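First up is the structure itself, then whatever we jot down about it.
In what follows, every chain begins at residue 1, and chains take the letters A, B, ... in the order their sequences are listed. Since this is a predicted model, take the numbers as computed values, not measurements.
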Amino acid sequence: MTKPLHLHPDRLFPADPTIRSIARALHASVKDLPIISPHGHTDPRWFAYDEPFANPADLLIVPDHYVFRMLYSQGVKLEDLGIPTKDGSPTASDPRAIWRLLAERYHLFRGTPSRMWLDWVFSDVFGLEVQLEAATADLYYDTIDAALKTPAFRPRALFEQFNIEVIATTEGPLDPLDHHRAIRESGWSGRVVTAYRPDPVIDPEHDGFHRNIEKFGAVSGEDVSTWAGYLRAHQNRRAWFREAGATSTDHGHPSAATANLSRAEAEALYAKVLAGPVTPAEAELFRGQMLTEMARMSIDDGMVLQIHPGVWRNHNAGVMARFGRDKGADIPMATSYVDALKPLLDAFGTDPRLSVILFTLDETSYSRELAPLAGHYPVLRLGPPWWFNDSPEGMRRFREQVTETAGFYNTVGFNDDTRAFLSIPARHDVARRMDCVWLAQLVAEHRIEEDEAFELARALAYDLAKQAYKL
Amino acid sequence: MTKPLHLHPDRLFPADPTIRSIARALHASVKDLPIISPHGHTDPRWFAYDEPFANPADLLIVPDHYVFRMLYSQGVKLEDLGIPTKDGSPTASDPRAIWRLLAERYHLFRGTPSRMWLDWVFSDVFGLEVQLEAATADLYYDTIDAALKTPAFRPRALFEQFNIEVIATTEGPLDPLDHHRAIRESGWSGRVVTAYRPDPVIDPEHDGFHRNIEKFGAVSGEDVSTWAGYLRAHQNRRAWFREAGATSTDHGHPSAATANLSRAEAEALYAKVLAGPVTPAEAELFRGQMLTEMARMSIDDGMVLQIHPGVWRNHNAGVMARFGRDKGADIPMATSYVDALKPLLDAFGTDPRLSVILFTLDETSYSRELAPLAGHYPVLRLGPPWWFNDSPEGMRRFREQVTETAGFYNTVGFNDDTRAFLSIPARHDVARRMDCVWLAQLVAEHRIEEDEAFELARALAYDLAKQAYKL
Amino acid sequence: MTKPLHLHPDRLFPADPTIRSIARALHASVKDLPIISPHGHTDPRWFAYDEPFANPADLLIVPDHYVFRMLYSQGVKLEDLGIPTKDGSPTASDPRAIWRLLAERYHLFRGTPSRMWLDWVFSDVFGLEVQLEAATADLYYDTIDAALKTPAFRPRALFEQFNIEVIATTEGPLDPLDHHRAIRESGWSGRVVTAYRPDPVIDPEHDGFHRNIEKFGAVSGEDVSTWAGYLRAHQNRRAWFREAGATSTDHGHPSAATANLSRAEAEALYAKVLAGPVTPAEAELFRGQMLTEMARMSIDDGMVLQIHPGVWRNHNAGVMARFGRDKGADIPMATSYVDALKPLLDAFGTDPRLSVILFTLDETSYSRELAPLAGHYPVLRLGPPWWFNDSPEGMRRFREQVTETAGFYNTVGFNDDTRAFLSIPARHDVARRMDCVWLAQLVAEHRIEEDEAFELARALAYDLAKQAYKL
């Protein structure tokens with residue numbers, strides 16, 4: 001006995017009929033706006049070569065750490081999910097068997113955003129009409145697998161079907177951006193831009209940092225053995241990225257620490273970093289100094305600076321040893337901004353040419369630090385709820401805790417921040433719904449007027465992202 | 001003019017008629033399930049000897065730190081509430097006078113869970129039909145006092161009337177567990193198990209630690225002057241506790257710190273601890289090492305490991321000096337888990353034989369740390385809202401902040417965690433109601449299906465506690 | 001096409017008809033109660049000399065850091081808003097031009113409490129019937145400017161119209177309190193009292209601390225070169241303030257740290273502070289010691305002690321250099337209370353003569369630290385949501401997170417804490433509405449009885465503030 005799969009048109013809207021009806025009207029006015037995706041992790045190869053996706057497991061399970069971390073937390077081995085190992089020792093390779101592991105445990109996702117995104121993909125993208133469970137595993141597998149072999153499910157066709165106006169990928173400074181060039185030269189009209197994510201050459205504690213620095217010198221043609229040359233290499237790569245459409249840089253540091261050393265101090269620190277090894281405090285200081293250098297370069301080249309701090313990456317030692325980085329074991333930590341950002345803000349906090357977008361996984365900073373900072377400093381804007389907080393409750397808490405002090409116009413709309421390409425419309429839909437719910441509540445409680453809510457709904461769904469990211 | 005006491009059948013359900021009606025249906029499906037009470041502090045003597053409770057004040061005020069801390073905060077002296085002093089100097093001894101102090105100030109409890117639990121006890125257990133206030137103090141006292149003298153109000157009769165399937169008490173390693181033996185040998189069918197709480201022999205800063213260690217050697221028959229002997233003593237007592245039904249251990253440390261020292265380091269630290277005095281850092285390190293040792297033993301003997309960290313115990317110096325420990329002066333502190341648990345998790349975080357249940361009084365860790373950790377590590381589960389957060393709003397925040405990242409199945413149902421025996425059904429009722437409210441909201445907003453909500457309501461009320469605690 | 005300005009009578013009430021109707025009834029019962037304003041920053045000169053306010057910009061923009069910080073965050077220069085510079089270099093001086101900057105950007109305030117307070121002032125005080133926007137800027141300016149020239153808009157007339165029973169201002173120990181004397185001697189019946197805010201002579205890191213100490217000696221007639229004389233100077237000034245009606249002291253320290261040094265240690269520390277410079281740790285210790293000294297003096301003279309900790313004042317270096325203190329750049333920080341308050345509480349935490357009111361900008365402390373502390377210690381009470389949290393959502397979070405552990409009677413009603421005189425009734429109205437909403441929800445969910453809600457609504461709107469501040 002299968003159960004019908006049904007995306008209710010009022011999903012995520014409150015039960016209260018007054019609020020629901022306002023939310024519905026607001027949502028209707030924004031649901032068909034094109035998608036602006038200013039920050040994410042899709043693979044430019046997809047759009048460059050437009051090849052079909054391999055199979056349901058490789059598309060929806062293996063690359064999605066939200067999905068496999070939940071299965072892993074309930075005792076499924078990563079080996080059995082086909083997650084590749086570092087040493088190349090084999091793991092499960094039958095995608096149908098992997099798919100069944102998900103299907104049999106799909107109840108674990110009840111109440112999670114993954115469930116909502118996946119159901120949207122199943123229903124709206126693949127036209128499935130029954131729920132995923134053990135009994136429907138094969139039906140799902142066969143339906144999705146067959147669809148992926150058709151032209152309508154190629155990356156570019158989906159991009160167009162999803163009504164994406166522009167999407168940003170994220171690349172490191174060592175990336176030659178060949179795929180982006182291929183996209184541009186292909187004559188395809190889709191707009192795919194890159195973003196500059198220099199962590200591998202900025203973080204002395206990154207795997208292979210010294211090897212990266214060496215390559216950084218090679219790709220930039222600069223002498224990175226000196227501080228001045230190293231900075232020029234960044235300028236060189238930033239210019240290269242801007243040619244591939246980049247309008248932003250992104251920085252994923254363990255903390256939000258910034259620094260503003262004298263030139264001599266910075267030179268000495270860089271020399272130490274190059275010589276290695278450095279202490280954790282020196283690594284932190286170097287990353288912090290580089291945020292300030294990035295801000296300085298942003299003033300020159302106009303790139304928006306994004307800071308994504310506060311994560312203990314790869315926390316699970318066993319998983320890191322066997323499977324490597326980015327395997328669902330990144331855990332947020334308490335993160336402070338007030339002291340951390342002061343050096344950068346003292347240097348550039350009032351410069352009208354600079355724009356810094358702050359993210360957090362520590363929601364306690366919303367009302368205590370981030371809204372007060374963004375509600376004052378002209379250079380600061382608040383990024384949307386990030387990662388674990390990219391969820392209905394996370395979005396509700398964000399607006400409740402941020403709006404009264406920072407208003408709406410110091411926020412920047414939505415980021416999907418995903419490598420799960422098929423879920424992008426679902427993610428934007430969740431964000432648009434939750435923003436409309438918040439606005440509808442404000443209208444119903446006579447805290448804003450209805451015409452203001454319509455203007456704001458559009459700003460949050462479309463305008464603010466475009467403006468904030470200069471897209 | 002007395003006022004009627006009325007436990008509304010829809011209490012705690014939202015006003016919204018859609019959600020209320022779903023919540024009602026869900027609650028009706030779980031309200032008569034037996035009570036699983038896997039963690040608490042009732043006195044095994046009650047069930048062993050089935051003697052009547054003494055009087056209303058001794059039953060409901062003197063042992064309940066929720067009740068007397070509120071009265072104390074508003075100027076009532078602990079002496080006047082009959083709280084016994086450390087030096088045995090006399091305090092109030094007329095239970096009726098003590099009862100009147102509560103009755104006259106019962107308005108102080110408006111909006112608190114204590115009020116909800118007490119009203120349930122008054123109404124459902126004692127059949128009182130008017131509210132407690134100065135004018136009804138004597139009526140209350142006489143009614144309750146009379147009831148306590150009847151067979152229906154003996155501990156075992158109440159246990160059966162409350163529909164308790166199993167209850168766990170908490171004992172220290174020095175406890176001979178005589179009362180548990182008496183229960184087993186009595187032929188009574190009620191299931192009362194113990195839990196192993198070794199803080200008095202693990203925490204070098206505990207009152208009388210050295211005396212405790214000495215007794216620990218005596219009761220276990222091991223030579224606790226060596227690290228190896230000390231560990232064997234724990235193994236011995238754990239086995240003893242398992243025979244008395246224990247399926248879990250519990251650890252109430254000031255922080256969640258764990259450690260994983262080499263054998264030589266651990267031996268040296270234990271020698272230092274035995275020699276005493278130790279620095280606060282050494283005490284912290286020893287407690288942390290012992291959490292990891294307890295995890296190691298749990299892998300062998302299957303006991304579930306509970307961690308209840310983050311409390312400044314006995315914060316009020318004056319109260320501690322005059323009345324001793326556990327007098328309502330325990331205050332939570334900011335508690336971090338990500339760094340603290342790493343040594344234990346590095347050692348055993350993926351071992352399928354281990355199960356660790358985490359608690360917190362620092363709600364900021366729900367969405368930031370605990371849900372991400374439990375949504376990844378196979379050994380971790382999240383305990384229910386604890387202590388001050390064992391309340392309607394606390395339960396709501398828990399589900400809102402935990403579900404999206406950890407799901408429902410990484411949580412373990414409800415703990416009443418109380419020594420207030422009569423309030424146990426009321427506490428479970430509040431938890432069941434609040435979980436049904438959360439589920440009803442998810443259904444009303446089309447975030448889960450109705451049949452899923454019924455399954456989840458049962459899991460949260462009954463199944464998950466039984467499974468997680470292996471009861 | 002202008003848009004009507006409309007303060008809806010149900011504003012801030014939830015959409016749900018059951019809760020709304022209870023909230024309405026509760027609000028109707030308290031909305032006309034006189035205003036008790038026990039803590040704020042209005043200028044006593046206004047009431048002493050009753051001169052007309054200058055113009056709309058000087059009244060509503062220039063002194064209101066909530067208003068100009070939002071405009072500044074979106075690129076408006078403080079110079080253009082007429083904020084005076086430290087060095088006296090000229091800034092914008094045309095109040096109409098300043099007013100237009102606000103009018104053109106009024107949409108930035110959507111969803112903020114500033115918008116709610118301002119609309120109330122526009123509508124209820126000035127009778128404006130269209131919304132503020134670029135097109136109505138001059139209409140607004142002219143209407144308000146004309147009104148300010150009439151007797152009904154003089155400070156005393158407004159005070160009476162606003163139904164203020166008593167208002168407290170805040171002055172430093174060096175203030176001769178001439179304006180308060182002028183008020184008392186004027187024969188006017190309005191009750192305006194002062195409060196003792198000694199930060200400038202207590203905080204060694206305060207601008208001009210040494211100069212302040214010197215003057216402190218002069219105004220008190222004490223020899224402040226010794227610790228004993230310095231303490232006597234405080235006693236002298238406190239007595240002087242009590243004669244001007246003060247019933248409270250107030251302390252705005254970077255943290256909540258307290259200390260309880262021996263006399264010899266305190267003398268030595270004071271000598272160091274006087275000699276200067278001191279380390280940050282010594283400054284912190286001195287401030288902490290002075291909180292304990294203030295508590296000791298409160299036991300003698302009955303003044304209520306308010307602690308407002310946890311702010312990084314004047315965070316923006318550029319703004320501080322050009323415009324000085326208090327320019328909207330104060331940013332909250334994580335603040336802990338459990339360890340910080342222990343020395344003071346160990347000394348005086350159970351003294352029935354002492355009353356300490358705690359504030360926070362770190363909402364994480366509500367449920368974790370402040371409610372548990374205030375629900376235990378007889379001397380502690382919780383101040384209302386402060387500053388950025390003086391907002392509908394902030395008030396909702398406060399009650400949700402505090403009530404279950406501290407109850408209602410360990411809170412102290414509302415503080416408007418403002419220098420924006422005209423907004424005072426609007427602020428109290430928001431607080432009364434939000435408290436009624438919380439109570440209405442408790443009634444609708446059968447968590448308290450309706451008659452209790454009416455009693456509590458009055459207590460929160462009026463009685464508790466009067467009692468807690470001894471007014």
Side-chain angles (χ1 to χ4, degrees), chain A residues 14-20 22 334 336-339 341-342 345-347 349-352 363-369 371-381 399-410 438-449 451-453 455-456 459, chain C residues 3-4 6-17 20 65-66 69-70 72-77 105 107-116 131 310-312 315-319 327-335 360-364 387-394 396-397 437:
Chain A
D16 179 85
T18 307
I19 303 182
R20 181 170 285 201
I22 304 168
S336 74
Y337 293 84
V338 183
D339 48 345
L341 294 175
K342 184 126 179 41
L345 292 171
D346 279 352
T350 64
D351 193 306
E363 295 178 293
T364 70
S365 64
Y366 283 157
S367 76
R368 186 183 59 222
E369 303 179 23
L373 284 166
H376 170 72
Y377 279 100
V379 303
L380 297 181
R381 293 291 182 272
R399 291 289 172 211
E400 285 177 1
Q401 293 174 28
V402 153
T403 308
E404 295 180 318
T405 296
F408 288 102
Y409 295 94
N410 285 310
W438 172 239
L439 293 169
Q441 188 188 330
L442 295 184
V443 171
E445 296 176 0
H446 311 289
R447 293 156 75 173
I448 59 173
E449 302 294 327
D451 64 309
E452 297 179 299
E455 252 183 71
L456 285 164
Chain C
K3 293 187 290 181
H6 179 219
L7 292 191
H8 198 284
D10 285 335
R11 63 191 181 278
L12 292 174
F13 295 159
D16 179 85
R20 181 170 286 201
H65 55 73
Y66 287 90
R69 79 194 305 278
M70 176 64 90
Y72 177 74
S73 80
Q74 287 276 322
V76 180
K77 292 196 181 318
R105 288 163 184 81
H107 65 283
L108 299 176
F109 293 89
R110 287 169 178 166
T112 70
S114 297
R115 154 77 178 270
M116 215 168 291
Q131 289 179 40
V311 186
W312 186 314
H315 188 269
N316 185 322
V319 164
K327 292 299 174 289
D330 297 352
I331 311 288
M333 295 177 295
T335 305
T360 198
L361 290 166
D362 180 356
E363 296 178 293
T364 71
W387 201 330
F388 298 115
N389 303 321
D390 175 9
S391 65
E393 298 297 322
R396 188 177 55 71
R397 288 195 291 270
V437 167

task = Indicate the atoms forming the closest heavy-atom contact of C:I331 with A:E369, along with that distance.
result =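 Minimum heavy-atom contact is CG2-O, 4.2 Å.
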key: Heavy-atom pair of closest approach, residues C:D362 and C:A334   =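 What the structure gives for the nearest pair is OD2-CA, 3.2 Å.
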key: Straight-line distance of A:Y366 OH to A:T403 OG1, nearest 0.5 Å   =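 The OG1 atom of A:T403 is 11.0 Å from OH of A:Y366, to the nearest 0.5 Å.
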ask   = Does the pair C:K327 and C:Y72 meet the rule for a side chain to side chain contact (heavy atoms under 4.5 Å, CB included), with working shown?
value = CA-CA 10 Å; C:K327 292 299 174 289; C:Y72 177 74; over 6 Å; no
Looking only at heavy atoms and a cut-off of under 4.5 Å, which of [options] has the most pairs with chain A?
| options | answer |
| --- | --- |
| C:S114, C:G328, C:G310, C:P17 | C:G328 |
| C:Q131, C:E363, C:H6, C:M333 | C:M333 |
| C:D16, C:L361, C:N316, C:D330 | C:N316 |
| C:R110, C:R11, C:H65 | C:R110 |
| C:R396, C:Q74, C:R20, C:M70 | C:Q74 |
| C:D10, C:L12, C:V319 | C:L12 |

task = Would you confirm whether C:R397, through its side chain, and A:E400, through its main-chain N or O, come within 3.5 Å as a donor-acceptor pair?
result =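 At least one qualifying donor-acceptor pair exists.
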key: Whether A:R399 side chain and A:L439 backbone form a donor-acceptor pair below 3.5 Å   =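 A pair under 3.5 Å: no.
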key: Residues A:E452 and C:K3 bridged, charged N to O under 4.0 Å   =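 Answer for the salt bridge query: no.
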Contacting moiety of [X], where chain C heavy atoms sit under 4.5 Å:
| X | value |
| --- | --- |
| A:D339 | both |
| A:A374 | backbone |
| A:A406 | backbone |
| A:L345 | side chain |
| A:Q401 | both |

message = Please classify the contact between C:S391 and chain A as side chain, backbone, both or neither, with a heavy-atom cut-off of under 4.5 Å.
response =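 Its backbone and side chain both get close to chain A.
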task = Just do the side chain to side chain contact (heavy atoms under 4.5 Å, CB included) check on A:L380 and A:N410 with the steps written out, would you?
result = CA-CA 8 Å; A:L380 297 181; A:N410 285 310; over 6 Å; no
query = Using a distance-only test with no angle check, is there a side-chain donor-acceptor pair under 3.5 angstrom linking A:Y377 and C:H315?
reply =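 There is such a pair (donor and acceptor under 3.5 Å, judged by atom type) between the side chains of A:Y377 and C:H315.
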ask   = What residue in A:I19, A:T18, A:V338 has the most heavy-atom pairs under 4.5 Å with chain C?
value =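 Top option by heavy-atom pairs under 4.5 Å: A:V338.
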